[in-house]
Every structure is written in C-alpha cells, then in structure tokens.
Number of protein chains: 2
Amino acid sequence: MKYIDKLRNSGLRPTKQRLQICEVLFNTERTFHFTINELEQKIKDRIDNKISLATIYNTVHAFEKKGYLKQIPVNSNQTYFDTNITDHHHFYNLKDGKLIDLENSDVGPINIKRKIDGKKIKSIEVLVKLED
Amino acid sequence: MKYIDKLRNSGLRPTKQRLQICEVLFNTERTFHFTINELEQKIKDRIDNKISLATIYNTVHAFEKKGYLKQIPVNSNQTYFDTNITDHHHFYNLKDGKLIDLENSDVGPINIKRKIDGKKIKSIEVLVKLED
DNA sequence: CAGCTATTTAGAACCATTATAAACTATATA
DNA sequence: TATATAGTTTATAATGGTTCTAAATAGCTG
C-alpha cells in the first residue's frame with residue numbers, strides 16, 4: 001500500500017480518488033508532463049468510476065504543495081505539471097506545446113550570483129523554447 | 001517621430017493608439033515588466049482618450065511578434081511581458097508576483113548541450129523563484 | 001478625394017480555474 | 001462498533017483573463 005503511506009505521511013487522507021490518481025501519476029515507467037485536461041483524459045481511460053474535475057484540481061494542487069508534482073513555467077493558457085520532481089529543465093516545443101526533459105548534465109550547473117535580501121531561492125528553472 | 005518610423009518599418013500603421021502605447025512602453029528611463037491589466041492602468045493614467053482593452057491586447061501581441069516585447073514564462077493566471085528585450089533572466093517573487101531582472105552576468109553563460117533534430121533554439125530563459 | 005484595407009471598438013464568447021455548499025467518508029474516540 | 005468531527009468529493013456556478021465578432025473608423029495609395 002505504497003500510496004496509502006505516502007499520502008498519510010504527508011497528512012492527506014488516502015481516499016479512493018487520491019489513490020487512483022496516484023496510480024495514474026506515479027505508477028509509471030517514466031515520468032511525464034501533463035495539463036489538467038490531459039490528466040482528466042488519462043484518468044477517464046484507466047479508471048471505471050468518475051472522478052470530478054474539481055477533485056482532480058484539488059488533488060493536483062495538494063500533491064504539488066506536498067512536493068509530489070512540480071509546476072513548469074511556460075507561456076500557455078494551461079498550467080503544465082511534471083511528475084519528475086528532480087532538478088531538471090525543459091525544452092518547450094512552440095509548435096505543438098509539448099515539453100521535453102533536459103537533464104541537468106545537458107545544461108550544466110547554474111550559479112545565481114545575485115542575492116535578494118530576505119529571500120531564498122526556491123527553484124531555478126530553465127526553459128528552452130524551440131522553433132522550426 | 002521615432003515611433004512612427006519604428007512602426008512603419010515593421011509594417012504596422014502608426015495609429016494614434018499604437019503611438020500612445022509606444023510612449024507608455026518605450027519612452028521610459030528603465031525597462032519594466034507588466035501584465036495587460038497593469039498596462040491598461042498605466043495607459044489610463046497617462047492618456048486622456050480611452051484605448052479599448054481589445055486594442056491593448058492586439059497591440060501588445062503585435063509588438064511581441066515584431067520583437068519589441070518579450071513574454072516571460074511564469075506560472076500565473078496572467079501573462080507577463082517585458083520591455084527589456086535583451087537576453088536576460090528573472091527572479092520571480094512568489095509572494096507578490098513581481099519580477100526582478102537578472103543580468104546575464106548574474107547567471108553566467110548557459111550552454112545547452114543537447115540538440116533536437118529539426119528544431120532550433122528560439123530563446124533560453126531562466127526563472128528563479130524566490131520565497132521568504 | 002476615392003477607394004481599399006488595416007485598425008479600433010464594445011461587447012459577447014470562450015475556457016481554464018476557483019469557489020460554493022451540500023453530501024459523503026476516513027478516522028479517532030468512547 | 002457506534003458516533004462525532006473534520007477532511008473530501010461533487011456538481012454546478014462564478015470568476016476572470018483572453019480572444020472573437022462584426023460594425024465603425026482611420027491610414028494610405030493612386
């Protein structure tokens with residue numbers, strides 16, 4: 001019951017819906033990027049019962065807050081998430097709106113030399129936009 | 001008539017509205033970041049006549065396409081633009097949603113080692129999220 | 001000036017996301 | 001095991017940024 005513990009350990013009740021969403025998000029060979037609409041579709045395809053769109057939003061946000069998902073900053077009308085929560089960056093294909101992981105070794109270390117008083121760095125994200 | 005030429009040279013008719021928006025965007029000591037709503041407010045403050053919101057959207061998009069503005073990728077419900085079109089990066093203060101320019105020298109060169117067949121890099125953007 | 005096309009405009013439409021409030025459920029406690 | 005309670009789910013409405021529409025207006029070329 002790996003997801004039950006995962007959820008309980010982070011203070012989230014292991015409800016049927018959350019466990020099912022965990023299956024879709026985390027029980028995979030590879031990590032992946034998604035928008036809420038894409039996730040909704042994936043869930044529909046794999047799950048018998050219906051999960052309300054509001055619950056999908058709630059769950060994704062709860063998981064993000066707990067650090068199980070990352071939001072990727074892109075210019076799009078939809079929000080992109082990533083199940084890969086390790087430090088890494090992205091190509092963004094402007095033509096089809098798809099993201100491609102960039103390993104850290106593909107980018108090299110990024111050292112931010114400037115500091116802002118009273119603030120600390122939460123994340124450093126590189127977005128490489130691709131065109132034809 | 002610097003803006004008249006600027007517009008004509010890029011195939012945009014120098015209309016009254018576009019020239020006024022140019023004044024607000026480009027006739028400044030410093031470059032700045034803005035959302036459409038913030039720009040709408042700035043225009044209201046500086047211009048007598050009214051410019052329709054649709055025109056502001058149209059103009060900002062036209063200017064972006066011509067390379068006079070850049071969109072900044074952030075996770076926000078609003079789109080952020082930058083009048084600084086030089087290569088540079090950003091701090092993003094999560095608390096108040098404000099952006100701060102990072103000079104290229106504050107970040108160091110970024111060398112993307114990986115290539116995607118048939119695609120070329122349009123831009124490389126680093127977003128450094130700040131928290132308290 | 002005439003005629004053509006680009007641009008502006010108010011308002012409607014769109015659509016991702018968030019809020020609401022009622023029904024339901026996990027869980028702790030007795 | 002029953003019960004209370006706080007957390008969740010849900011359908012639906014509301015919100016709000018952005019885009020669309022179609023009519024009016026304004027640059028521009030001949």
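Proteins get letters first, then strands, A, B, ... in listed order; numbering begins at 1 in each.
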A.B. asks: Whole angstroms only, please: what is the NE2-C1' distance between His61(B) and dT7(C)?
C.D. replies: 16 Å
A.B. asks: Can you figure out which of dC20(D), dT9(D), dA6(D) approaches the side chain of Ala54(B) most closely?
C.D. replies: dC20(D)
A.B. asks: Do Lys98(B) and Tyr80(B) meet the cation-pi criteria used here (NZ or CZ under 6.0 Å from the six-membered ring centre, within 45° of the axis)?
C.D. replies: no
A.B. asks: Take Thr86(A) and Asn84(A) through the test side-chain hydrogen bond (donor to acceptor under 3.5 Å, both in side chains) and record every step on the way to the result.
C.D. replies: CA-CA 6 Å; Thr86(A) 67; Asn84(A) 179 354; 2.7 Å; yes
A.B. asks: Just call it for Thr79(A): base, sugar-phosphate, or nothing, with non-hydrogen atoms closer than 4.0 Å on any strand.
C.D. replies: sugar-phosphate
A.B. asks: Report the residue (Gln78(B) or Thr15(B)) whose heavy-atom-nearest nucleotide on DNA chain D is the more 5′ of the two.
C.D. replies: Gln78(B)
A.B. asks: For Phe34(B) and Phe32(B), take the angle between the two ring planes, folded into 0 to 90°, and tell me which bin it lands in: parallel under 30, tilted 30 to 60, perpendicular over 60.
C.D. replies: tilted
A.B. asks: Without decimals, in angstroms, what is the distance between Gln71(B) CD and dT18(D) C1'?
C.D. replies: 12 Å
A.B. asks: Within this structure, what is the NZ-to-P distance between Lys16(A) and dC24(C), rounded to whole angstrom?
C.D. replies: 13 Å
A.B. asks: If you assign each of Arg8(B) and Tyr57(B) to its closest nucleotide in DNA chain D, which residue comes earlier from the 5' end?
C.D. replies: Tyr57(B)
A.B. asks: Nearest whole Å is fine: how far is dT21(D) C1' from Leu53(B) CG?
C.D. replies: 15 Å
A.B. asks: So, is Arg18(B) close to the dG27(D) phosphate, meaning a side-chain N or O under 4.0 Å from OP1 or OP2?
C.D. replies: no
A.B. asks: Over how many whole Å does the gap from Asn58(B) atom CG to dT21(D) atom P extend?
C.D. replies: 13 Å
A.B. asks: Could you tell me whether Lys6(B) sits above the aromatic face of Tyr68(B), with NZ or CZ closer than 6.0 angstrom to the six-membered ring centre and within 45 degrees of the axis?
C.D. replies: yes
A.B. asks: What nucleotide among dA26(C), dA16(C), dG27(D) has an atom nearest to a side-chain atom of Pro14(A)?
C.D. replies: dA26(C)
